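Working notes for the structure below.
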Amino acid sequence: MDTLDRFSINNIRKEYLDFFRSKGHLTENSFSLIPKNDKSLLLIGAGMAPLKKYFTGAETPPCKRMATVQKCVRTGDIDNVGLTARHLTFFEMLGNFSFGDYFKKEAIQWAWELLTDVLKIDKDRLWVTVYLDDDEAEKIWHEVVGIPKERIVRLGKADNFWELEVGPSGPCSEIYYDTGADRGCGCSDCKPGCDCNRYIEIWNLVFTQFDKDEQGVYHPLPNPNIDTGMGLERVAAVLQDKPTVFDVEPLFSVVKKVSELSGVPYGSNDKKDISMKIICDHSRAATFMIGDGIIPSNEGRGYVLRRLLRRAARHGRLLGIKDIFLHELCDKVIENSKGAYPELGEKKDYIKKVIKLEEERFRETIDSGMDILKSYI
Ligand code: SER
């Protein structure tokens with residue numbers, strides 16, 4: 001197997017699940033992007049979200065150790081998509097979870113083993129962060145794993161405490177990959193926590209110890225748990241030595257298709273590249289959302305979908321694409337992902353139809369708006 005096949009998204013997904021199966025985890029396919037029996041969330045944005053009931057003890061898990069690859073949509077960082085090497089609204093999260101079973105030591109050791117022994121990432125390029133007062137995690141990273149103290153950074157609540165509006169939460173420890181000084185900002189104190197593209201956070205290990213209520217009060221959980229999340233597209237970019245997540249397949253095929261449809265070469269103009277990346281990300285998000293049964297509307301999840309599609313359509317116009325085009329990108333998205341997500345293959349025609357209708361409707365709205373504007377002028 002050559003490097004690209006070995007580190008393809010499809011193969012990393014498999015290696016991750018195989019590894020945690022060998023550590024006694026029950027592995028499950030991704031849950032839907034639509035939360036089930038959970039009114040506190042609009043969309044699933046983390047591997048732990050569909051498993052909240054097991055963390056809080058509301059339900060008994062089928063196994064105390066689980067691992068999943070979860071489809072996620074997060075729009076909090078939408079303005080960074082296309083601008084940075086790493087932000088996406090749709091991504092896949094590789095996660096291993098312990099419900100009152102193993103804790104910090106095993107979570108840290110296994111993460112290190114997978115990254116360095118199985119995936120063979122250069123140890124010297126890995127940095128870690130720990131929560132301000134988490135001496136225990138620092139000790140494990142330094143004494144058990146052997147990371148030098150200079151590559152362990154302590155960060156505060158904004159970076160190293162993981163929580164949703166309500167539910168399981170706790171301090172975390174993140175693993176970063178140093179992509180090299182030439183991809184960074186050049187500041188002398190550039191290190192994990194810096195906003196530039198040099199250090200890419202690839203894996204977040206959360207030591208889930210609290211259940212946060214609607215009033216923001218943290219209640220200690222009866223058993224400490226583990227919730228980890230690694231960005232699949234990010235780790236693939238690292239393993240394939242690509243500068244951004246958009247240079248990794250299957251994302252790159254979508255970017256190339258946008259370039260072909262617009263006639264704008266990728267890599268020729270920064271602003272145009274950003275538009276291509278935004279279109280790539282949003283069309284992937286829309287394809288998976290519609291595949292899970294979401295349709296464009298003016299509220300809730302449907303509104304998120306509508307915004308993503310319209311934003312992508314607008315960037316298409318900026319690239320000079322005159323016709324509707326977003327539905328054509330679905331083929332590329334689906335081709336490479338339907339093995340892991342069969343629902344995409346099964347609903348391909350439906351997904352394309354929904355996207356086509358929404359884009360047509362948007363174009364009519366814009367055209368009639370332009371007519372009104374012209375008549376005023
Ligand atoms: N819940 C954590 C995150 O989403 C780790 O999985 O980053």
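These figures come from a predicted structure and were not determined experimentally. We count ligands from 1, going down the list as the structure has it; atoms in each ligand are counted the same way.
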*Between D241 and R183, is a salt bridge (Lys or Arg N to Asp or Glu O under 4.0 Å) present by the stated rule, with each step listed?*
CA-CA 12 Å; D241 194 24; R183 291 200 190 146; 3.8 Å; yes

*Kindly indicate whether a cation-pi arrangement holds for K157 with F161, taking the cut-offs as under 6.0 Å to the six-membered ring centre and within 45° of the axis.*
yes

*asked:* Under 4.0 Å between a side-chain nitrogen and a carboxylate oxygen: does that hold for K14 and D18?
replied: yes

*Who else is in the cluster with L155 when I, L, V, M, F, W and Y are joined by side-chain contacts under 4.5 Å?*
W127, V153, Y176, Y199

*Below 4.0 Å from any atom of ligand 1, which residues have a heavy atom? Give them in chain and number order, please.*
A46, M48, R74, M93, W162, N204, V206, D227, T228, G229

*List for me each residue that meets side-chain contact (heavy atoms from CB on, under 4.5 Å) alongside D122, sequence neighbours excluded, and say none if there are none.*
D124, R125

*Tell me the salt bridge (charged side-chain N to carboxylate O under 4.0 Å, His left out) pairs involving residues 74-96, sequence neighbours left out?*
R13-E92, D79-R311

